[in-house]
Amino acid sequence: MLPHQSMLHCLPPTKSHSRRTVHIGKYDKKEETSTDEVYIRELTVAVGGLGCAVWDGAIILARWITNNNEKFVGKSVLELGAGCGLPGIVAGRYCKRALLTEYIDDCVKNIDYNIQINCNTDLDDIYDGMKESDRKEAERRIKLKQNLQVSTQACFLDWHILEHPDKVKIVVPDNNNNCSSGSSSSNDESNSNNNNSSCNADNSNTNNNDGNN
């Protein structure tokens with residue numbers, strides 16, 4: 001049993017998740033819209049522990065990343081304890097590679113889902129007769145989402161064993177959104193070659209999933 005679960009067995013049953021829109025751009029109170037937003041699915045605390053929901057600190061960090069995005073261009077980002085993945089998703093719009101890690105399988109799957117829904121360009125159509133300002137905004141959003149798609153992965157990482165780095169293994173969800181929490185020696189070359197879901201931090205190629213739940 002995980003530490004956060006020991007005191008949660010008495011919680012009443014509830015739906016497994018909820019959705020929210022996080023505004024990270026300039027917010028118009030009158031129109032109740034912002035220039036930029038991220039869509040996040042949150043879990044219940046019984047399922048996701050401390051990583052179940054978006055914390056205020058994550059929103060502040062996500063806004064800081066947006067306002068200082070030039071610092072992330074061409075960089076690699078590793079987020080420990082990514083929770084729902086908000087800051088890492090925003091960083092993934094700009095950086096070369098981002099690994100968003102958690103040690104709870106359900107959180108890893110949820111991060112992967114959140115990555116995929118924020119890569120969706122269906123609402124960013126460009127059409128003839130479109131205002132120039134609207135066209136540029138749509139092009140900007142599409143470019144950010146395309147970079148997020150190729151740069152960002154959700155990975156399993158149990159940082160409780162980081163004092164034994166030879167046994168650390170980072171695992172990403174497979175096409176069925178399953179992820180393994182097992183650890184193995186990084187020296188076992190045959191095992192790492194046979195596991196197509198392994199993340200190699202030295203490899204800039206990413207393995208994108210469809211994110212279907």
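The residues of the chain are indexed from 1 along the displayed sequence.
Atom CG of L43 sits about 4.0 Å away from atom CG of N110, to the nearest 0.5 Å. Between the NZ atom of K136 and the CD1 atom of I126 there is a distance of 12.5 Å, given to the nearest 0.5 Å. One distance of note links SG of C119 with CG of L144; it measures 11.0 Å at 0.5 Å rounding. Taken to the nearest 0.5 Å, the CG atom of L148 stands 10.5 Å off from the OH atom of Y94. Between R93 atom CZ and D36 atom CG the span is 4.0 Å, to the nearest 0.5 Å. If you take CG on L100 and CG on L157, they are separated by 11.5 Å, rounding to the nearest 0.5 Å.
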Practice item. Show the numbers, then the answer: is there a side-chain contact (heavy atoms from CB on, under 4.5 Å) between Q116 and Q149? Key: CA-CA 7 Å; Q116 299 308 319; Q149 179 72 48; 3.5 Å; yes
Practice item. List the steps, then state whether side-chain contact (heavy atoms from CB on, under 4.5 Å) holds for E79 with L61. Key: CA-CA 12 Å; E79 185 176 8; L61 179 56; 5.5 Å; no
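Pairs engaging residues 46-71 under the side-chain hydrogen bond (donor to acceptor under 3.5 Å, both in side chains) rule: none recorded [sequence neighbours left out].
When all heavy atoms of A91 and V77 are compared, the pair lying nearest together is CB-CG2, 4.4 Å. For the pair R19 and Y113, the tightest heavy-atom approach, listed with the atom from each and the gap, is NH2-OH, 2.7 Å. Annotation for N118 and Y39: closest pair ND2-O, 2.7 Å, computed over non-hydrogen atoms. C155 and V108 make their closest contact through O-CG2, 3.7 Å (heavy atoms, listed as atom of the first residue, atom of the second, distance). Closest of all the heavy-atom pairs between C107 and G51 is SG-O, 3.9 Å. Across every non-hydrogen atom of A62 and V90, the tightest pair is O-CG1, 3.7 Å.
A donor-acceptor pair under 3.5 Å links the side-chain atoms of S151 to the main chain of G92, judged by distance alone. The closest donor-acceptor contact from the side chain of T101 to the backbone of F156 lies at 3.5 Å or more, if one exists at all. Of the possible polar contacts, none joining the R41 side chain to the R20 backbone as a donor-acceptor pair under 3.5 Å is found. In this structure a side-chain-to-backbone donor-acceptor pair under 3.5 Å is present from N114 to C84.
At a threshold of 4.5 Å between side-chain heavy atoms, the hydrophobic network of Ile, Leu, Val, Met, Phe, Trp and Tyr places L80 and L99 in one connected group.
Applying the side chain to side chain donor-acceptor pair (under 3.5 Å) test to N147 and every residue at least two apart in sequence or in another chain returns nothing. Residues passing the side-chain contact (heavy atoms from CB on, under 4.5 Å) test with T121 are D124, I142, K145, sequence neighbours excluded. For A53, the side-chain contact (heavy atoms from CB on, under 4.5 Å) criterion is met by E42, not counting sequence neighbours. For K131, the side-chain contact (heavy atoms from CB on, under 4.5 Å) criterion is met by S133, D134, not counting sequence neighbours. Partners of E139 according to the side chain to side chain donor-acceptor pair (under 3.5 Å) rule, which considers only residues two or more places apart in sequence or in another chain, do not exist here.
Salt bridge status for E102 with K109: absent, with no side-chain N to carboxylate O gap under 4.0 Å.
Test I111, I40, I65 against I89 for side chain to side chain contact (heavy atoms under 4.5 Å, CB included) and you get one pass: I40.
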